[in-house]
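Working notes, beginning with the structure itself.
Computed over heavy atoms, backbone and side chain alike; hydrogens, waters and symmetry mates excluded.
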Amino acid sequence: MHIDTNEEIDIDEVLAFATERHKGQVRADGSDYITHPIRVSKLVSEFKPSRNGNILAAGALLHDVLEDTYTSYKELCDRFGIVVASLVMEVTSSGFMPKLVGKRFYLAHKMQYMSSYALVIKLADRLDNLTDMRAVALEKIKRTYFDTIYMINYLESKRNLTEPQKNLIVAIRGKLEEINKEYQLSADGLIVDTDLDQD
């Protein structure tokens, strides 16, 4: 993805904004929610070094603010520019479509058409969620496990992936193996569905 932008990104300002918007929200283990976007940002920097690193880092730090806080797309545009705001919009889930078609199907199809940068953020988000399963209910662990297998299998079959994306998927598969070793999850939970593949 080639980005030509004169937008100056102040990462400290982005972090302060994300921290303020997620104030009072916590992860399943009781830790402050902002620890998750910070880890996702670090994963993005690790897997996708880029001259646009600040744009990617900002998108990662802000990736949940449209979905989980009162922040608007316009506010992100005004504060951090249209490129960062658009990345955040790309990784934000619809409020009703996952309920209509199922989360795994919705996310797999959405990820197929994301920009390269947005997909890196989304994969890093998934990797961190798989890594941070402390205090998560077993049913949610199972659902996340099987949803993830479906999504990455779908992505690999439908999209030409960049090296950073491939490397993130390798890391995700490693986490899936760890989860399966611990919980001995059955493949019965994996639905291979082509009914929605109309393209």
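Transitive grouping of hydrophobic side chains (ILVMFWY, heavy atoms separated by less than 4.5 Å) brings L87 and L15 into a common cluster. Both I141 and F146 belong to a single network of hydrophobic side chains, linked directly or stepwise wherever heavy atoms of I, L, V, M, F, W or Y lie under 4.5 Å apart. L61 and I82 fall within a single hydrophobic cluster, where Ile, Leu, Val, Met, Phe, Trp and Tyr are joined by side-chain heavy atoms under 4.5 Å apart, directly or via other members. Linking Ile, Leu, Val, Met, Phe, Trp and Tyr residues whenever their side-chain heavy atoms come within less than 4.5 Å leaves V14 and Y33 in two separate clusters. Criterion: ILVMFWY side-chain heavy atoms under 4.5 Å apart, direct or through other members. Under it, V101 and I149 are part of a common hydrophobic cluster.
Ring centers of Y154 and F105: at least 6.0 Å apart, outside the cut-off. Residues Y183 and Y145 place their aromatic rings such that the two centres sit no closer than 6.0 Å.
Of all heavy-atom pairs between V40 and D128, the closest is CG2-CB, 4.0 Å. Scanning both residues, T71 and L66, for their nearest heavy atoms gives O-CD2, 3.5 Å. Across all their heavy atoms, L76 and A85 have their closest contact at CB-CB, 3.7 Å. Heavy atoms only, all atoms of each residue included: L185 and N180 are closest at N-OD1, 2.8 Å. Taking both residues in full, the closest heavy atoms of L62 and V88 are given as O-CG1, 3.3 Å, listed atom of the first, atom of the second, then distance. Of all the heavy atoms in A57 and I11, the pair that sits closest is CB-CD1, 3.8 Å.
Among residues at least two apart or in separate chains, there is no salt bridge (Lys or Arg N to Asp or Glu O under 4.0 Å) pair with a member in residues 52-73. Applying the ring-ring contact (aromatic ring centres under 6.0 Å, His included) rule to pairs touching residues 57-77 yields H36-H63, sequence neighbours excluded. A salt bridge (Lys or Arg N to Asp or Glu O under 4.0 Å) check over residues 107-117, counting only residues at least two apart or in different chains, returns nothing.
In this view, E75 and R21 satisfy the salt bridge (charged side-chain N to carboxylate O under 4.0 Å, His left out) rule, not counting sequence neighbours. Under the side chain to side chain contact (heavy atoms under 4.5 Å, CB included) criterion, T162 pairs with S116, P164, Q165, not counting sequence neighbours. With sequence neighbours excluded, no residue forms a side chain to side chain donor-acceptor pair (under 3.5 Å) with R159. The salt bridge (charged side-chain N to carboxylate O under 4.0 Å, His left out) search around D10 returns none, not counting sequence neighbours. In this structure E178 satisfies the salt bridge (charged side-chain N to carboxylate O under 4.0 Å, His left out) test together with K175, sequence neighbours excluded. For E163, the side chain to side chain contact (heavy atoms under 4.5 Å, CB included) partners two or more places apart in sequence, or in a different chain, are K166, N167. Checked against side chain to side chain contact (heavy atoms under 4.5 Å, CB included), K42 has the following partners two or more places apart in sequence or in another chain: I38. Residues that satisfy the salt bridge (charged side-chain N to carboxylate O under 4.0 Å, His left out) test with K74, not counting sequence neighbours, are D78.
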Can I get a per-line list of side-chain donor-acceptor pairs under 3.5 Å for residues 130-138, giving both atom names and the distance, sequence neighbours left out?
{"unit_1": "T131", "atom_1": "OG1", "unit_2": "L127", "atom_2": "O", "d": "2.8"}
{"unit_1": "D132", "atom_1": "OD1", "unit_2": "R134", "atom_2": "NE", "d": "3.2"}
{"unit_1": "D132", "atom_1": "OD1", "unit_2": "R134", "atom_2": "NH2", "d": "2.8"}
{"unit_1": "D132", "atom_1": "OD2", "unit_2": "R27", "atom_2": "NE", "d": "3.2"}
{"unit_1": "D132", "atom_1": "OD2", "unit_2": "R27", "atom_2": "NH2", "d": "3.3"}
{"unit_1": "D132", "atom_1": "OD2", "unit_2": "R39", "atom_2": "NH2", "d": "3.1"}
{"unit_1": "R134", "atom_1": "NH2", "unit_2": "D29", "atom_2": "OD2", "d": "3.0"}

- T144 and I179: CA distance, side-chain angles, deciding distance, side chain to side chain contact (heavy atoms under 4.5 Å, CB included) verdict: CA-CA 10 Å; T144 302; I179 291 170; over 6 Å; no
- Task: List the steps, then state whether side chain to side chain contact (heavy atoms under 4.5 Å, CB included) holds for R104 with R143.
- Result: CA-CA 9 Å; R104 70 174 59 162; R143 187 168 62 249; 5.6 Å; no
- Dump the intermediate steps for side chain to side chain contact (heavy atoms under 4.5 Å, CB included) on M151 and R126, then the final yes or no. CA-CA 10 Å; M151 285 184 278; R126 179 60 52 153; 3.2 Å; yes
- Kindly determine whether H22 and D32 satisfy side chain to side chain contact (heavy atoms under 4.5 Å, CB included), including the steps that lead there. CA-CA 8 Å; H22 287 297; D32 290 341; over 6 Å; no
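Residues Y117 and I121 have side chains not in contact (no heavy-atom distance under 4.5 Å, counting atoms from C-beta outward). A 4.5 Å side-chain heavy-atom check between F80 and E13 finds at least one atom pair inside the cut-off.
Of the possible donor and acceptor atoms, one in the side chain of E90 sits under 3.5 Å from a partner among the backbone N and O of S115. Judged by distance alone, with hydrogens and angles left aside, the side-chain atoms of S86 form no donor-acceptor pair with the main-chain N or O of V83 at under 3.5 Å. Judged by distance alone, the side chain of T35 and the main-chain N or O of S31 form no donor-acceptor pair under 3.5 Å.
Atom OG of S41 is separated from atom CG of D125 by 12.0 Å, given to the nearest 0.5 angstrom. Separation of atoms OH (Y106) and CE (M111) is listed at 11.5 Å; rounding is to 0.5 Å. Taken to the nearest 0.5 Å, the CG atom of L56 stands 7.5 Å off from the OG atom of S45. For the atom pair CG (L168) and NZ (K122), the distance works out to 13.5 Å, reported to the nearest 0.5 Å. Here the OH-CG distance, from Y150 to L155, works out to 10.5 Å after rounding to the nearest 0.5 Å. Distance OG1/T148 to CG/L123: 10.0 Å, rounded to 0.5 Å.
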